[in-house]
Amino acid sequence: MSKGYSPKEIEKKWQEIWEKEEAFKVSEDRTKPKYYALVEFPYPSGQGLHVGHPRPYTALDIIARKRRMQGYNVLYPMGWDAFGLPTENYAIKNKIHPRIVTEKNVAHFKEQLKALGYSFDWDKEINTTDPNYYRWTQWIFLQLYKKGLAYKSEMPINWCTSCKIGLANEEVVNGVCERCGGEVVRKVKSQWMLRITDYAEKLLDGLDNVDYIEKVKTSQRNWIGRSEGAEVDFKLKGKEDVLRVYTTRPDTLFGATYMVISPEHPFIETYKDEITNYDKVAEYREQAAKKSDFERTELSKEKTGVGLEGLSAINPVNGKEIPIWVSDYVLMTYGTGAIMAVPAHDERDWAFAKKFNLPIIEVVAGGNVNEAAFTDTATGKLVNSDFLNDLEVTEAKKKIITWLTEQKIGKKKVNYKLRDWVFSRQRYWGEPIPIVFCEKCGYVPLPESELPLLLPEVDSYMPTDTGESPLAAMTDWVSTTCPCCKGPAKRETDTMPQWAGSSWYFLRYLNSHNDKEFASKEAIDYWMPVDWYNGGMEHTTLHLLYSRFWHKFLYDQGLVSTPEPYQKRTSHGMILGENNEKMSKSRGNVVNPDEIIEEFGADTLRTYEMFIGAFDLSAAWSKEGVKGCRRFLDRVWKLKDMIVEEDGYSKELEIKLHQTIQKVSQDFEGMKFNTAIAAMMALVNEFYRIEKVTKKEFKTLLLLLNPVAPHMTEELWEELKFDGHIYQASWPEYDKEKTIENEIEIAVQINGKVKATVKVEKEAEAAQVKPIVFEIPVVAKAVEGKTIVKEIYVKGRIYNLVVK
RNA sequence: GCGGAUGUGGCGGAAUGGCAGACGCAUCAGACUCAAAAUCUGACGAGGGCGACUUCGUGCGGGUUCAAGUCCCGCCAUCCGCACCA
């Protein structure tokens with residue numbers, strides 16, 4: 001007997017060999033076909049790696065290793081998205097500089113990742129908090145600023161009362177702060193914004209040319225929320241001024257019986273003196289402003305509002321005077337902040353009209369507008385609408401838009417739900433925004449030569465109650481000279497959000513040591529786009545959309561070579577605790593990967609996480625399941641004692657070998673890692689059944705298994721004295737012809753029910769099979785005295801007799 | 001309310017419209033052992049029958065088909081997003 005499988009020794013051994021030999025360093029040979037595999041870089045938290053992390057990392061490690069064996073020049077990099085609140089909060093609590101905390105956490109993460117044996121090219125490692133990295137984050141920000149895509153604006157922002165920080169819309173979940181769960185209120189602050197809305201159309205169109213899983217595309221489309229409609233101007237009675245609205249149903253214009261403006265609408269101030277109930281209106285506005293987003297959502301069922309007295313509008317199609325109301329169901333941030341209300345054909349307007357007793361006029365026939373709003377646009381014809389009568393909805397839309405355009409009181413208009421990106425944070429641990437404010441020159445960007453603008457050392461990282469960044473207290477740092485007029489100026493004290501660094505990191509990997517550019521043109525041309533990017537669904541409308549935006553901007557500046565950064569995007573499912581609930585400290589169901597590696601080995605952990613279930617679905621952890629995977633690897637290990645001196649594949653398993661190579665190759669690429677492993681298990685079972693394995697068979701198995709269990713397969717490869725190391729070997733080939741058995745067992749059915757099975761040649765014709773089928777006793781008996789109505793034969797599948 | 005998923009043995013999960021339950025876990029039995037563990041071999045959806053066999057069975061109700069987990073129509077449940085976007 002030879003020695004047993006001992007992962008603890010061999011895993012460390014091979015990790016050192018790979019490192020020493022620079023086994024996974026990318027080649028500078030640009031004639032080789034490239035493959036860029038990418039996983040989302042982690043935030044190095046104090047808790048260390050979680051068993052959820054290895055799932056996507058292992059999956060793409062498998063792809064990376066397989067592609068290398070297939071002759072590709074593979075880039076599979078790793079880095080650290082290290083700016084962020086938890087580190088800052090930890091630093092505040094423990095009075096340690098966030099940089100020190102980050103260093104410690106990164107070291108721990110790196111050690112853990114190395115223990116898992118990933119084929120990352122560590123030479124490409126990046127860290128978003130490294131000045132040599134964020135120098136370029138700042139640089140890209142300046143380019144955005146120069147093109148007018150970064151601007152400062154007085155904005156009602158989402159303010160977390162607990163973190164004392166402004167949040168992007170995307171960071172507010174159910175009206176509370178995504179990070180701390182604290183209450184979020186609206187607060188007006190001057191904020192840096194990025195004009196992502198300018199790229200709404202491009203972000204939408206680009207989705208047609210990429211290979212993302214469908215649900216990611218759908219979510220992004222919904223998030224961008226494109227809608228087509230029209231803008232219409234309603235004249236204010238007795239004034240020259242108009243109230244402009246946006247509507248997707250211009251066809252229902254004859255049914256507009258009142259108008260509603262948002263509480264923040266500027267007309268309230270403009271016509272302060274004409275509005276006879278201004279006090280009441282102002283009071284309503286104040287109440288609306290005080291409501292947190294959470295309260296607004298809570299009360300969404302019940303409509304509230306105040307009618308404007310002394311001010312009314314004229315419906316342009318019929319000259320009728322209609323009232324104007326104020327209500328918080330109309331949002332200032334979408335469209336024009338004002339709507340024409342058509343209660344007969346809009347549910348919200350209907351509810352509002354019923355509550356405040358406003359007239360409801362049916363203009364599309366087909367429903368009962370006294371009972372409910374009729375919103376169907378596919379059926380029904382226009383009524384009560386003068387020149388639109390009898391038209392279908394789509395026709396009526398076209399006609400009214402033409403009419404509005406001719407009358408110069410409206411036009412076709414496309415709107416998006418997407419809003420500009422709030423890009424300031426009142427925090428210390430982020431990239432400083434490289435802008436100064438000068439009384440004379442206004443906002444002035446720093447010259448690029450002054451980048452990176454380093455984060456200064458501060459005494460306290462605590463955010464202030466006034467909502468200012470801790471940097472604001474650093475008067476020495478804040479006071480500077482204007483790059484433009486050389487007069488006194490003040491630095492911007494807000495920092496960038498965590499999403500900044502991750503918006504372009506995949507470009508830095510290409511050329512991480514470059515100190516002249518964010519990445520060389522040559523490297524970008526060769527490596528981009530990312531061939532396969534895997535990450536969490538939770539980033540679909542955040543990081544994934546933001547980074548596409550930045551990349552599209554860089555593309556428009558001629559700085560990158562492809563319009564889209566990622567060719568393919570997939571998503572992994574979560575790993576749940578044994579109790580089928582999300583793993584969390586409070587639930588006490590967290591599994592630490594270190595312990596699994598200690599007890600079973602990294603190869604077992606990798607195998608298990610790939611075998612646990614369909615990659616894109618969540619799956620519950622099972623300690624017993626881990627044991628099963630270790631058992632499988634033990635069985636592979638022990639095969640070395642069953643090797644026989646025989647050339648090639650053994651006769652009885654030749655087909656099985658070819659089938660397995662085919663299945664494993666296809667399943668890896670299709671993310672069906674679980675069935676690929678199942679196929680290898682089945683092959684191993686076959687070796688045990690016939691109690692032998694040839695050298696070539698074993699070699700093939702090792703090659704197939706290598707991407708999943710790299711350490712063990714290297715060790716066995718060495719022990720059996722195959723050439724070089726397995727990471728240098730080629731992926732096995734299969735012969736399509738040899739994956740199909742000559743003799744196939746087919747099912748014989750009577751009226752669709754299986755009665756027997758019979759072995760026939762794979763290409764046998766019906767005429768050859770028929771006599772064999774009828775000889776089967778069960779069949780003969782079933783057919784006896786009955787009429788055969790129909791016979792169906794599907795080659796290699798079934799022979800079905802329909803009898804009466 | 002809108003959008004997206006999911007629903008198959010005791011459990012995790014497999015199945016280009018063609019023998020449902022591959023592979024794994026758990027369980028049971030046998031071999032090995034003084035014994036246990038480990039390992040190897042076998043059984044393992046449910047009901048009925050001594051038995052060759054037989055009936056039922058992929059969330060529920062219909063339908064298409066020689067044949068449905070798979071396709072179509074209508075529901076139910078769970079999970080995840082979004083949520084007054086005019």
Side-chain angles (χ1 to χ4, degrees), chain A residues 4 173-175 213-219 221-223 225-227 229 245-250 252 260 262 296-297 299-303 327-331 333-342 345-349 351-352 415-419 537-538 540-541 573-574 576 580 582 607-608 611-614 616-629 631-632 634-635 638 672 674-685 688-689 691 745-757 778 789-803:
Chain A
V173 176
N174 293 328
I213 48 172
E214 210 48 44
K215 62 177 172 179
V216 169
K217 287 192 185 186
T218 309
S219 301
R221 287 193 185 109
N222 291 343
W223 191 259
R226 183 184 198 274
S227 75
V245 301
Y246 172 73
T247 176
T248 54
R249 296 295 305 277
T252 61
V260 188
S262 152
R296 265 207 187 192
T297 326
L299 299 169
S300 68
K301 290 275 181 287
E302 189 68 8
K303 297 270 183 289
S327 173
D328 64 3
Y329 85 87
V330 173
L331 310 173
T333 44
Y334 184 78
T336 62
I339 62 155
M340 64 177 212
V342 185
H345 305 288
D346 181 281
E347 279 166 26
R348 294 150 302 177
D349 297 346
F352 193 84
N415 254 334
Y416 301 93
K417 286 187 202 171
L418 186 70
R419 318 234 180 113
M537 269 315 281
E538 70 274 21
T540 302
T541 54
M574 228 189 312
L576 307 170
N580 234 316
K582 199 171 165 175
T607 307
Y608 175 64
F611 187 63
I612 192 167
D616 58 330
L617 299 177
S618 56
W621 186 266
S622 154
K623 181 82 176 269
E624 294 303 324
V626 178
K627 270 174 36 193
C629 287
R631 197 171 296 157
F632 164 62
D634 278 326
R635 275 164 75 81
K638 285 186 294 185
K672 293 164 81 175
N674 54 337
T675 51
I677 292 168
M680 290 188 269
M681 287 173 169
L683 180 65
V684 170
N685 290 347
Y688 273 78
R689 188 178 59 81
E691 295 179 321
E745 199 179 59
I746 66 163
V748 179
Q749 304 180 328
I750 305 289
N751 293 339
K753 297 211 172 192
V754 179
K755 291 290 168 188
T757 59
V778 212
V789 184
K790 204 169 175 183
E791 289 178 55
I792 296 122
Y793 171 60
V794 182
K795 261 186 206 170
R797 295 283 184 192
I798 53 126
Y799 197 103
N800 188 12
L801 294 169
V802 185
V803 300

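Order of the sequence lines sets the chain letters (A, B, ...), proteins ahead of strands, with each chain counted from 1.
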Could you check which nucleotide pairs with B:A46 in any of the strands shown, counting Watson-Crick or G-U wobble with both distances under 3.5 Å? B:U55
Rounded P spacing from B:C82 to B:C73 in Å: 29 Å
Base, sugar-phosphate, or nothing: which does A:Ala620 touch, judged by heavy atoms less than 4.0 Å apart? nothing
Quick one: is B:C19 close enough that its OP1 or OP2 comes under 4.0 Å of any side-chain N or O from A:Arg797? no
Between P on B:C11 and CD on A:Glu624, what's the gap in Å once rounded to a whole number? 16 Å
Considering every strand and a 4.0 Å limit on heavy-atom distances, what is the contact class for A:Val802: base, sugar-phosphate, or nothing? sugar-phosphate
Name the orientation of the base relative to the sugar in B:G57: syn if the glycosidic angle is within 90° of 0, else anti. anti
Establish, with yes or no, whether the OP1 or OP2 oxygen of B:C25 is under 4.0 angstrom from a side-chain nitrogen or oxygen of A:Arg631. yes
Could you tell me which nucleotide pairs with B:A15 by Watson-Crick or G-U wobble geometry, both distances under 3.5 Å, or answer none if nothing does? none
Indicate the atoms forming the closest heavy-atom contact of A:Thr607 with A:Ile677, along with that distance. O-CD1, 3.7 Å
Does any donor-acceptor pair link the side chain of A:Glu347 with the base of B:G1 at a separation under 3.5 Å? no
Using a heavy-atom cut-off of 4.0 Å across all strands, would you classify A:Gln749 as base, sugar-phosphate, or nothing? base
Mind checking if A:Ser219 touches a base, just sugar-phosphate, or nothing, with heavy atoms under 4.0 Å? nothing
Cation-pi check, A:Lys303 onto A:Tyr329 ring (under 6.0 Å, within 45° of axis): yes
Under a 3.5 Å cut-off for both contacts, is B:C84 paired Watson-Crick or G-U wobble with anything, and if yes, with which nucleotide? none
Pairwise C1' distance for B:C25 and B:C75, with rounding to whole Å: 35 Å
Starting from P on B:A83, measure out to NZ on A:Lys417 and report it in whole angstrom. 8 Å
Between A:Lys672 and B:A22, is there a side-chain N or O to OP1/OP2 distance below 4.0 Å? no
Rounded to whole angstrom, note down the P distance from B:G61 over to B:C50. 32 Å
Scan every strand shown for a Watson-Crick or G-U wobble partner of B:U6, both distances under 3.5 Å, and answer none if you come up empty. B:A77
With rounding to the closest Å, how many angstrom separate the C1' atoms on B:C23 and B:G30? 24 Å
What are the two closest heavy atoms between A:Asn751 and A:Val802, and how far apart are they? OD1-CA, 3.2 Å
If only side-chain N and O atoms of A:Tyr334 are considered, is one of them under 4.0 Å from the OP1 or OP2 phosphate oxygen of B:A86? yes
Tell me whether the OP1 or OP2 atom of B:A5 has a side-chain N or O from A:Lys215 closer than 4.0 Å. no
Nearest-nucleotide check on RNA chain B, A:Leu617 vs A:Asn800; residue mapping nearer the 5' end is A:Leu617
Provide, to the nearest angstrom, the distance between the CZ atom belonging to A:Phe611 and the P atom belonging to B:C23. 10 Å
Check every strand shown and say whether A:Ser327 touches a base, only sugar-phosphate, or nothing at a heavy-atom separation below 4.0 Å. nothing
Using OP1 and OP2 only, check whether a side-chain N or O of A:Asn674 sits under 4.0 Å from B:A22. no
Can you tell me if A:Lys755 touches the phosphate of B:A67, counting only side-chain N or O atoms and a distance under 4.0 Å to OP1 or OP2? no
When you measure only distances, ignoring hydrogens and angles, does the side chain of A:Lys627 come within 3.5 Å of the base of B:C25 through a donor and an acceptor? no
Measure the distance from CG on A:Asn685 to P on B:A43 and round it to the nearest whole Å. 13 Å
Inter-nucleotide P distance (B:G59, B:A77), Å rounded: 16 Å
Got A:Lys638 and A:Tyr688 here, is their nearest side-chain heavy-atom distance under 4.5 Å? yes
Check the phosphate of B:C23 against A:Arg635, side-chain N and O only, distance under 4.0 Å to OP1 or OP2. Yes or no? no
Start with the C-alpha gap between A:Val684 and A:Met681, add the side-chain angles, then the distance that decides, and say whether side chain to side chain contact (heavy atoms under 4.5 Å, CB included) holds. CA-CA 5 Å; A:Val684 170; A:Met681 287 173 169; 5.7 Å; no
Sorted by position of nearest nucleotide on RNA chain B, 5' first, the leading residue of A:Glu691 and A:Ile798 is A:Ile798
Please measure how far the C1' atom in B:G9 lies from the corresponding atom in B:A46, and state the result in whole Å. 9 Å
Nearest-Å distance for atom pair NZ/C1', residues A:Lys638 and B:C40: 8 Å
What integer number of Å spans the C1' atoms of B:G57 and B:G51? 24 Å
Test A:Asn685 against A:Arg635 for side chain to side chain contact (heavy atoms under 4.5 Å, CB included), laying out the working first. CA-CA 9 Å; A:Asn685 290 347; A:Arg635 275 164 75 81; 2.9 Å; yes
Describe the nucleic acid contact of A:Tyr416 in one word from base, sugar-phosphate, nothing, applying a heavy-atom distance below 4.0 Å. nothing
Heavy-atom side-chain contact between A:Asp349 and A:Ile339 under 4.5 Å: yes
Of the listed nucleotides B:C23, B:A86, B:G3, the one nearest the side chain of A:Met681: B:C23
Does A:Ile746 reach a base, just sugar-phosphate, or nothing at all? Heavy atoms under 4.0 Å. nothing
Answer with base, sugar-phosphate or nothing: what part of the nucleic acid does A:Asp349 contact at a heavy-atom distance below 4.0 Å? nothing
Expressed in whole Å, how much space separates the P atoms belonging to B:C84 and B:U65? 47 Å
Distance below 4.0 Å between A:Ser622 side-chain N/O and B:C11 OP1 or OP2: no
Counting only Watson-Crick pairs (N1-N3 plus N6-O4 or O6-N4) and G-U wobbles (N1-O2, O6-N3), all under 3.5 Å, who is the partner of B:A29? B:U41
Would you call the rings of A:Tyr334 and A:Tyr246 parallel, tilted or perpendicular if under 30° counts as parallel and over 60° as perpendicular? perpendicular
Could you check whether A:Gly628 gets within reach of a base, just the sugar-phosphate, or nothing at all, counting any heavy atom under 4.0 Å? sugar-phosphate
Rounded distance in Å - CE (A:Met574) to P (B:G12): 17 Å
Roughly how many Å is it from CG in A:Leu331 to P in B:C82, rounded to a whole number? 16 Å
Would you call A:Lys790 and A:Asn800 a side-chain contact if the rule is heavy atoms closer than 4.5 Å? no
Expressed in angstrom and rounded to an integer, what is the separation of A:Asn580 atom CG from B:U6 atom P? 16 Å
